[in-house]
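Lettering follows sequence order; numbering is per chain, from 1.
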Amino acid sequence: MKTKMDFPNVNERKPEGLKDDGKSFRVLIVDDSMFVTKQINQILTSEGFEVVGTAEDGLSGVEKYKELFPNVDIVTMDITMPNMDGVTALEKIMEFDKEAKVIMISALGKQDLVKKSLLLGAKNYIVKPLDRKKVLERVVMTLKKQ
Amino acid sequence: MRVEYINPFVESAFNILKELVGDNITRGEIFLKASSQPVLGVTAIVGLTGDVEGRVLFDMSTKTAISIASIMNGEELKELDELAKATITELANMITAQAVTKLSELGFKFDLTPPTIITGNKMEITDFEVEALIVPMELEHGKLEINVALRERN
């Protein structure tokens with residue numbers, strides 16, 4: 001008599017936003033554009049990431065990071081924002097936590113600021129317009145960097 | 001105003017709209033307006049200052065703005081709410097950033113102001129001392145006019 005056997009589905013892949021223990025990577029989004037925040041949020045949550053916080057300017061981004069620490073795995077940081085720009089906010093976050101993983105979100109034409117950010121400790125950058133593939137690729141790559 | 005200033009904006013708008021909205025886009029004939037001109041209802045303005053100074057307008061009807069914002073958000077927006085305005089602002093940001101990169105490659109150096117969105121009916125815009133060049137872009141979802149008034153700083 002035939003018995004039904006459960007084989008693992010080889011086509012089933014683990015969502016990129018899950019750690020090995022099955023818990024989600026935790027993301028803080030710092031961006032003054034409601035549209036960009038929503039876009040990043042949608043892309044990441046659809047892959048199992050958890051957005052643990054959002055902030056609309058650099059100053060509140062730094063405060064939010066300190067408040068969430070150590071329960072945040074990665075930050076997406078817009079460069080041009082009111083109150084405190086993304087490069088300064090990155091600097092403040094790196095002073096507080098030198099292991100912080102921050103990805104800069106940049107419009108085209110901000111190469112100098114992107115370079116400065118990388119020197120200050122940003123782990124990666126994404127140039128807008130954003131798309132799903134680009135965002136996931138860079139976020140996953142950054143999380144794998146030691 | 002030199003026509004080469006407007007081309008990077010038209011090329012960038014074409015590329016970005018194609019990527020984000022995916023429409024069949026047709027570029028209309030460029031035309032010049034010297035004085036006051038009506039605007040269509042939703043206008044994103046970006047100021048430029050440096051070797052070249054002036055402003056760029058991305059002008060469209062409210063209906064077109066809502067349609068474009070809906071596609072960019074992947075959901076139907078019913079009105080020109082904060083999200084729709086933020087979306088059009090970001091669209092203007094991306095188009096301008098790409099255009100400015102092209103102009104920088106031509107040797108022009110300048111800074112941009114953050115985009116401002118103006119909405120309303122029966123509005124007019126008037127530029128003094130600089131004429132505006134306008135390129136209408138026809139999308140499946142309506143018309144978007146790129147209106148550039150720039151001059152070289154003396």
Side-chain angles (χ1 to χ4, degrees), chain A residues 29-47 51 54-61 76-89 104-117 125-138, chain B residues 8-9 11-22 44 46-48 50 52 56 65-66 68-75 77 80-117:
Chain A
I29 303 172
V30 186
D31 205 303
D32 64 331
S33 165
M34 193 194 286
F35 167 69
V36 176
T37 301
K38 183 171 177 259
Q39 210 184 7
I40 297 174
N41 193 327
Q42 272 176 347
I43 294 170
L44 294 180
T45 51
S46 72
E47 253 323 297
V51 175
T54 60
E56 289 179 6
D57 60 58
L59 195 62
S60 46
T76 67
M77 178 74 74
D78 186 22
I79 289 189
T80 313
M81 286 183 291
N83 288 337
M84 183 190 282
D85 64 83
V87 181
T88 312
M104 306 309 284
I105 308 290
S106 167
L108 200 66
K110 305 269 181 200
Q111 288 92 332
D112 290 351
L113 292 174
V114 168
K115 260 186 223 163
K116 190 177 172 191
S117 304
Y125 67 96
I126 310 173
V127 177
K128 292 187 275 190
L130 304 178
D131 65 48
R132 185 182 166 78
K133 186 170 170 278
K134 199 153 66 174
V135 171
L136 286 174
E137 230 170 52
R138 296 293 171 104
Chain B
F9 290 95
E11 279 171 33
S12 303
F14 188 89
N15 295 338
I16 301 268
L17 286 167
K18 195 96 192 154
E19 185 172 342
L20 296 177
V21 185
V46 182
L48 287 87
V52 180
V56 181
I66 295 171
I68 291 176
S70 296
I71 295 170
M72 285 176 66
N73 279 285
E75 65 177 273
L77 303 179
L80 194 74
D81 56 9
E82 290 307 306
L83 177 62
K85 286 180 196 165
T87 307
I88 298 300
T89 303
E90 194 52 34
L91 177 69
N93 247 334
M94 285 185 275
I95 294 173
T96 314
Q98 196 174 99
V100 161
T101 305
K102 287 178 186 171
L103 284 168
S104 302
E105 285 162 7
L106 296 175
F108 297 108
K109 295 273 172 284
F110 45 82
D111 288 320
L112 298 173
T113 63
T116 300
I117 295 272

Margin query: Testing the basics here: between A:Ser33 and B:Ala86, what is the closest heavy-atom pair and its distance to 0.1 Å?
Written below: OG-O, 4.2 Å
Notebook entry, point to check: If you draw a 6.0 Å radius around CD in A:Glu47, do more than 12 non-hydrogen atoms from other residues or ligands fall strictly inside?
Noted result: yes
Notebook entry, point to check: Is the count of non-hydrogen atoms from other residues, nucleotides or ligands lying under 6.0 Å from A:Lys115 atom NZ greater than 12?
Noted result: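 Atom NZ in A:Lys115 is not packed in, count stays at 12 or less.
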Margin query: Quick check for you: among B:Met94, B:Lys102, B:Lys85, which has the greatest number of heavy-atom pairs under 4.5 Å with chain A?
Written below: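 Option with the top pair count is B:Met94.
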Check: Which residue out of B:Ile16, B:Val100, B:Thr96, B:Asn73 racks up the most heavy-atom pairs below 4.5 Å with chain A?
Finding: B:Asn73
Notebook entry, point to check: Looking at OG1 of B:Thr101 and NZ of A:Lys110, how far apart are the two atoms once the value is rounded to the nearest 0.5 Å?
Noted result: 9.0 Å
Checklist line | Atom pair CD/CD of B:Glu90 and A:Gln39 - distance to nearest 0.5 Å | finding: 8.0 Å
For [X], is it the side chain, the backbone, both or neither that has a heavy atom under 4.5 Å from a heavy atom of chain A?
X: B:Glu19; answer: side chain
X: B:Glu82; answer: both
X: B:Thr87; answer: both
X: B:Leu83; answer: both

